[in-house]
Undergrad: 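Below you will find the structure I want to go over with you.
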Amino acid sequence: MNKLEQEISKRRTFGIIAHPDAGKTTLTEKLLLFGGAINKAGAVKSNKIDTATKSDWMEIEKQRGISVATSVMGFEYKDIKINLLDTPGHQDFAEDTYRTLTAVDSVVMVIDCVKGVEQQTEKLMEVCRMRNTPVICFINKLDREGRDPYDLLDEIEEKLDIQVRPLTWPIGMGKTFKGVYNLFSKNLLLFKASKQQLTAEGIEIKDLNNEELNKNLGDTLADQLREDVELIEGVYPELDKEEYLSGKVAPVFFGSAVNSFGVKEMLDTFINISPQPKERSTEERIVKPNEEKFTGFVFKIHANMDPKHRNRIAFVRICSGKFQRGSSYLNVRHDKKFRFSNATAFMAQDKETVDEAYPGDIVGLFDTGNLKIGDTLSEGEKGIYKGIPSFSPEIFKEVINKDAMKTKQLDKGLTQLMDEGVAQLFAFEMGARKVVGVVGNLQFEVIQHRLKNEYGASCEFAPMNLYKACWFSSKDKKKLDEFVKSKYRHIARDKDGKMVFMAETKSWLQMVEDNFPEIEFHFQSEF
Ligand code: GDP
């Protein structure tokens with residue numbers, strides 16, 4: 001192994017996905033504590049937008065401040081360099097989460113044992129499935145009276161369409177919660193509620209028939225555990241690492257994040273089985289991480305909070321080679337080289353200047369408006385990385401300029417906010433109407449506020465009756481032209497200039513699909 005390959009094999013880049021309140025922030029904090037990256041609980045701030053104040057832009061700005069600090073948290077554990085990418089908690093910013101998931105190699109999914117699989121988790125899992133991202137599941141809050149563990153496992157398999165393989169098993173729950181049994185190392189961990197203590201004491205019990213078990217758990221729970229383990233070993237086949245790596249099977253851990261219980265078991269397994277940075281596809285070819293030449297892509301852009309300094313930080317995921325600060329790299333979209341003398345790495349909660357970085361790492365590049373989400377940077381590679389699709393928004397509104405003197409500012413502000421990925425802009429071919437599409441209404445407030453605050457532009461949003469933005473394609477060029485001609489009034493361009501059919505209703509889209517069988521319609525930009 002050369003130096004580059006050594007660095008690659010040490011890296012694990014992942015994200016935590018969860019429905020709000022399941023325990024993502026708490027688990028993040030415990031992982032950082034294990035990694036020695038922070039030394040006290042309470043140091044990690046939640047990036048949740050408080051529902052009570054969610055229409056308040058001050059709150060949004062505050063969260064934006066937190067989110068830059070927690071975007072990427074790097075830490076080391078047992079000689080492995082772990083990069084944990086944070087995802088926004090609020091569902092109105094789901095698109096941001098989708099994009100972050102394109103920059104990770106695996107995910108940990110947190111599920112609340114009282115609530116089971118919730119709606120946001122289902123959506124996020126769909127995104128993981130698109131890329132066959134490996135998933136480890138952490139069922140949290142076992143110190144509460146939750147649902148039956150077998151039910152929870154069934155629900156995960158059913159709702160998330162993934163097979164499960166428990167690697168720890170809970171003993172009791174809520175008030176009777178006694179601990180977990182590690183099915184892999186055959187080790188019993190006894191629970192003690194503690195927000196400070198980091199590791200639970202383990203008792204090795206290789207043979208479950210040993211009387212030792214009864215002494216520790218009492219007769220009823222000991223018998224129950226024997227029965228459970230027999231059942232599990234009978235029902236679930238051994239964990240096949242390859243099946244985990246291809247996203248077919250999710251290993252499952254039970255625990256209580258707030259009590260640091262069961263977390264270490266998961267982390268130890270995680271560094272053992274989770275994937276190191278993998279090869280990735282550009283439009284032209286597959287790029288291996290151990291190729292000499294640097295490549296990477298921008299998956300997130302964060303604007304300066306101070307409107308006087310309109311600079312931004314672009315977050316770049318390194319895919320191959322070695323990134324070196326001060327080098328000039330090609331921005332493939334512009335076919336132009338830029339020098340990046342200011343680069344930041346993210347360690348736990350601190351930013352520090354970084355001179356070099358390797359595949360799997362995330363660097364923050366200082367940018368004055370040349371970079372946008374999806375851009376590929378390289379040392380000569382000409383293909384753009386695939387895998388950062390736009391999804392059709394849910395809500396559409398037309399932009400109405402309220403200050404004709406500030407038209408330029410409005411255009412510039414909109415372009416820059418769209419480069420950041422705050423929302424999507426569609427420009428109709430006819431009549432130059434501009435439409436902003438979002439996942440949740442909160443995004444309109446953010447746009448309005450930031451246009452005013454940072455660009456001095458005023459706009460309003462007029463509701464529009466649109467169902468979906470559909471990207472479309474056809475093998476038959478003539479049919480495609482015919483379709484465009486016939487539906488010209490309903491065709492707009494997206495940020496990359498691709499044509500999009502703006503469907504007004506579901507039934508109308510269905511009709512159009514029937515009338516134009518040669519045209520394929522897609523709810524996302526990459527197909
Ligand atoms: P997030 O929205 O997913 O980031 O959730 P948080 O980590 O902020 O947790 C939501 C709430 O659940 C907080 O009040 C936590 O203290 C609580 N919580 C997290 N883990 C546990 C746990 O293991 N047991 C119990 N009882 N509560 C927990």
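One-based numbering along the sequence shown. Whatever order the structure lists them in is the order used to number ligands and atoms, beginning at 1.
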Undergrad: Apply side chain to side chain donor-acceptor pair (under 3.5 Å) to Glu7 and list each qualifying residue two or more places apart in sequence or on a separate chain.
TA: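 By the side chain to side chain donor-acceptor pair (under 3.5 Å) rule, Glu7 matches Lys3, Arg11.
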
Undergrad: Among Lys24, Lys141, Lys30, which one puts a heavy atom closest to atom 3 (O) of ligand 1?
TA: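 Residue with the shortest heavy-atom distance to the ligand atom: Lys24.
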
Undergrad: With atom 9 (O) of ligand 1 as the reference point, say which of Asn140, Ile17, Thr26, Leu142 has the nearest heavy atom.
TA: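 Among Asn140, Ile17, Thr26, Leu142, the closest heavy atom to atom 9 (O) of ligand 1 comes from Thr26.
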
Undergrad: Counting from 1, what ligand 1 atoms have a heavy atom of Asp143 closer than 4.0 Å?
TA: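 It comes down to these atoms of ligand 1: 22 (C), 23 (O), 24 (N), 25 (C), 26 (N).
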
Undergrad: Can you label the angle between the Trp169 ring and the Phe254 ring as parallel, tilted or perpendicular, going by 30° and 60°?
TA: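 Trp169 and Phe254: perpendicular rings.
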
Undergrad: Give the contacting part of Thr25 toward ligand 1: side chain, backbone, both or neither, where contact means a heavy-atom distance below 4.0 Å.
TA: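 Both parts.
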
Undergrad: For ligand 1, which atoms, with element, lie under 4.0 Å from some heavy atom of Pro20?
TA: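 That gives atoms 2 (O) of ligand 1.
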
Undergrad: Quick one: does ligand 1 sit under 4.0 Å from the side chain of Leu27, the backbone, both or neither, non-hydrogen atoms only?
TA: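 For Leu27, no heavy atom sits under 4.0 Å from ligand 1.
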
Undergrad: What atoms of ligand 1 come within less than 4.0 Å of a heavy atom belonging to Ser256?
TA: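 Listed by number with element: 22 (C), 23 (O), 24 (N).
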
Undergrad: Applying the salt bridge (Lys or Arg N to Asp or Glu O under 4.0 Å) criterion to Arg165, which one of Glu157, Glu233, Glu238 satisfies it?
TA: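 Only match with Arg165 under salt bridge (Lys or Arg N to Asp or Glu O under 4.0 Å): Glu233.
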
Undergrad: Nearest heavy atom to atom 22 (C) of ligand 1 wins, so pick from Val114, Val110, Val258, Asp21.
TA: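 Nearest option to atom 22 (C) of ligand 1, by heavy atoms: Val258.
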
Undergrad: Per the salt bridge (Lys or Arg N to Asp or Glu O under 4.0 Å) rule, which among Arg12, Lys278, Arg280 passes with Asp105?
TA: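 So the option named by the test is Arg280.
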
Undergrad: Assess whether side-chain hydrogen bond (donor to acceptor under 3.5 Å, both in side chains) is satisfied between Gln224 and Asp228, documenting all intermediate values.
TA: CA-CA 6 Å; Gln224 178 72 48; Asp228 284 339; 3.2 Å; yes

Undergrad: Just list the side-chain donor-acceptor pairs under 3.5 Å for residues 127-137, sequence neighbours left out, or say none.
TA:
from, atom 1, to, atom 2, distance (Å)
Arg129, NH2, Leu160, O, 2.2
Arg131, NH1, Leu101, O, 2.7
Arg131, NH2, Thr102, O, 3.3
Thr133, OG1, Cys128, O, 3.4

